[in-house]
Amino acid sequence: MSSILCDREKPACGGQPVSDVASNKTIFALVDCNNFYVSCERVFNPNLEGVPVVVLSNNDGCIISRSNEAKALGIKMAVPFFEVRDLIEQANVRVYSANFTLYGDMSRRVIHTLAQFTPEREIYSIDEVFLNLSGFERAGLSDYARQIVATVKKWTGIPISIGIAPTKTLAKLANKQAKKRPELKGVMDWSALPDPEERLAQIEVGEIWGIGPSGERRLKSWGIETAHKLRQADDQWILKRMGIVGQRILLELRGISCLPLEMVRSPRKSVLCSRSFGRAVEKLNELKEAVAEFTSQAAETLREDRLSAKHLTVFCITRPHSEQARTHSSTVELPVATDSTPELIRYALREAEKIFFADGRFKKAGVVFSGLVPTEEVQTDIFDGKNRGSAGKLMQALDEVNARLGSGALRFAAAGLLQSWRMKSSRRSPRCTTRWNELLEAKTIA
DNA sequence: TCTGGGGTCCTAGGACCC
DNA sequence: TCTGGGGTCCTAGGACCC
């Protein structure tokens with residue numbers, strides 16, 4: 001902290017190792033897939049072009065992706081489905097349940113295509129990648145970016161937008177502008193603006209990356225309503241009121257990069273699997289079934305990353321979205337970190353029993369693994385007495401079978417067979433790119 | 001009636017120690 | 001009357017992101 005206060009020249013980046021981050025002359029380009037999930041659905045169903053389309057979250061709960069036509073109807077992001085159901089029926093909006101298997105695969109294709117254009121990339125999320133375009137100035141940054149837009153569209157079918165700027169925060173803003181203004185053809189270079197100050201004055205603070213609803217309320221209460229005003233604010237004053245996060249945003253708006261391009265993904269710190277139930281769960285054995293299922297799924301993720309967990313938390317939520325909504329949780333420290341599903345299930349079920357209470361109506365539950373260590377570095381205990389080698393082989397065999405026959409082909413009995421608490425997902429499109437039996441079919445009409 | 005899921009980072013406050 | 005102070009570690013909860 002003190003280094004930030006004393007040394008204004010030094011950006012408040014935190015301690016990334018030099019080799020993992022790009023040089024300080026990074027030219028950030030944020031690639032963002034337009035309406036990503038909807039665009040994925042359109043790739044395999046061209047009838048969806050030009051008509052309003054939305055994609056729903058798990059459990060068919062909220063709207064999580066909207067086509068431009070759906071946005072124009074006034075359907076807001078993250079709004080509960082039931083609130084807009086009438087509007088959706090009236091306007092004949094096409095509705096899809098989320099198909100994350102398909103979206104994940106399409107994301108990999110986009111990233112692979114981007115790799116043709118620059119070696120320095122940070123995969124930020126399923127639909128966003130930061131690139132370093134430093135070294136491509138001679139080609140003309142905007143021209144080069146338009147070439148990227150055209151290639152990604154041609155090779156994957158996914159439309160993207162690119163914002164270019166000296167910091168990530170400005171690149172985010174540039175990207176928004178690129179989406180808003182069709183005449184920019186999907187690309188905006190912030191540095192090429194004749195009057196960036198004026199542009200910042202038109203942007204509300206709530207639109208800035210990192211300023212959420214609470215930050216927006218506080219800033220506005222101090223009379224800071226636009227990105228321009230925040231940029232002009234005293235950074236020490238902001239530091240005192242909004243902490244290091246607020247100060248970083250302010251500096252980034254001034255063009256001082258505080259958030260480097262992180263090309264190496266930092267190791268994950270936790271694995272979580274949770275679901276809302278399709279209906280309220282009231283029986284202990286159903287809660288235990290669900291907890292066993294979530295544990296088994298999260299353990300699969302652990303093994304994919306070759307990690308073992310030292311701590312396990314089980315939580316459940318009773319009656320959310322109401323005044324009595326409560327989270328109950330219980331954490332156990334394992335004697336030896338593990339990635340073995342049956343062992344983890346044993347501990348998880350014990351915690352589930354602790355948090356269960358009669359008369360509870362459970363709406364959601366989940367399992368969190370933390371204290372993650374690489375499996376080959378696990379500290380064993382001489383009094384452990386478990387044959388960890390054979391447990392490892394069993395898990396490997398299980399993962400191989402499930403990889404070949406589809407996730408869930410081999411399951412643990414503790415997770416139950418009926419799983420009547422399972423969520424709704426009634427409108428899912430076929431997993432065209434990852435399931436043989438859901439391949440797209442071409443039909444000839446006689 | 002019906003409101004996602006998976007993550008990270010930061011801060012405040014309590015416990016504890018010397 | 002008046003009850004230290006500084007440091008570390010841990011945890012819970014808030015805020016934010018996509």
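Sequence lines set the chain letters: A, B, ... in the order given, protein chains first and strands last, and positions in each chain run from 1. Basis for what follows: all heavy atoms, side chains included, without hydrogens, waters or symmetry-related copies.
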> Is any side-chain N of the basic residue among A:Glu282 and A:Arg361 closer than 4.0 Å to the acidic one's carboxylate O?
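Looking at A:Arg361 together with A:Glu282, the answer is yes, because their closest N to O distance falls below 4.0 Å.
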> With a 6.0 Å cut-off on ring centres, are A:Phe357 and A:His328 close enough?
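Here the rings of A:His328 and A:Phe357 have centres that are less than 6.0 Å from each other.
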> Nearest whole Å is fine: how far is B:dT1 C1' from A:Arg85 CZ?
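After rounding, the gap between these two atoms is 10 Å.
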> Compute the ring centroids of A:Phe117 and A:Trp155, then answer whether they are less than 6.0 Å apart.
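Not close enough - the centres of the two rings lie 6.0 Å or further apart.
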> Each nucleotide in nucleotides 11-16 of chain C should get exactly one letter: B, S or -. Can you fill that in based on protein heavy atoms under 4.0 Å?
----SS
> Phosphate oxygens OP1/OP2 of B:dG7: is one of them under 4.0 Å from a side-chain N or O of A:Arg268?
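Result: yes.
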> Send over the distance from A:Ile238 CD1 to B:dC10 C1', rounded to a whole Å.
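Rounded to whole Å, this separation is 17 Å.
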> A:Ile123 CD1 to B:dG6 P: how many Å, rounded?
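From A:Ile123 CD1 to B:dG6 P: 20 Å.
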> Strictly distance-based, threshold 3.5 Å: is any side-chain N or O of A:Arg275 a donor or acceptor partner for the main-chain N or O of A:Gly366?
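It does not hold such a pair.
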> Should stems be defined as at least three consecutive Watson-Crick or G-U pairs with both distances under 3.5 angstrom, which of them involve DNA chain C?
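The stems that DNA chain C takes part in, listed by first number, are B:5-18 with C:5-18.
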> Between A:Phe130 and A:Lys168, is there a cation-pi geometry (under 6.0 Å to ring centre, at most 45° from the normal)?
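Here A:Lys168 passes the 6.0 Å and 45° test against A:Phe130.
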> Can you list everything that forms a side chain to side chain contact (heavy atoms under 4.5 Å, CB included) with A:Arg346? Sequence neighbours excluded, please.
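With neighbours one apart ignored, the set is A:Glu343, A:Lys386.
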> Mapping A:Gly243 and A:Pro267 onto DNA chain B by nearest heavy atom, which one lands closer to the 5' end?
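Here A:Pro267 is the residue nearer the 5' end.
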> Ring centroid separation for A:Phe362 and A:Phe315, is it under 6.0 angstrom?
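They do not qualify: ring centres at least 6.0 Å apart.
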> Please report, rounded to the nearest Å, how far the P atom of B:dG6 is from the CG atom of A:Asn58.
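After rounding, the gap between these two atoms is 7 Å.
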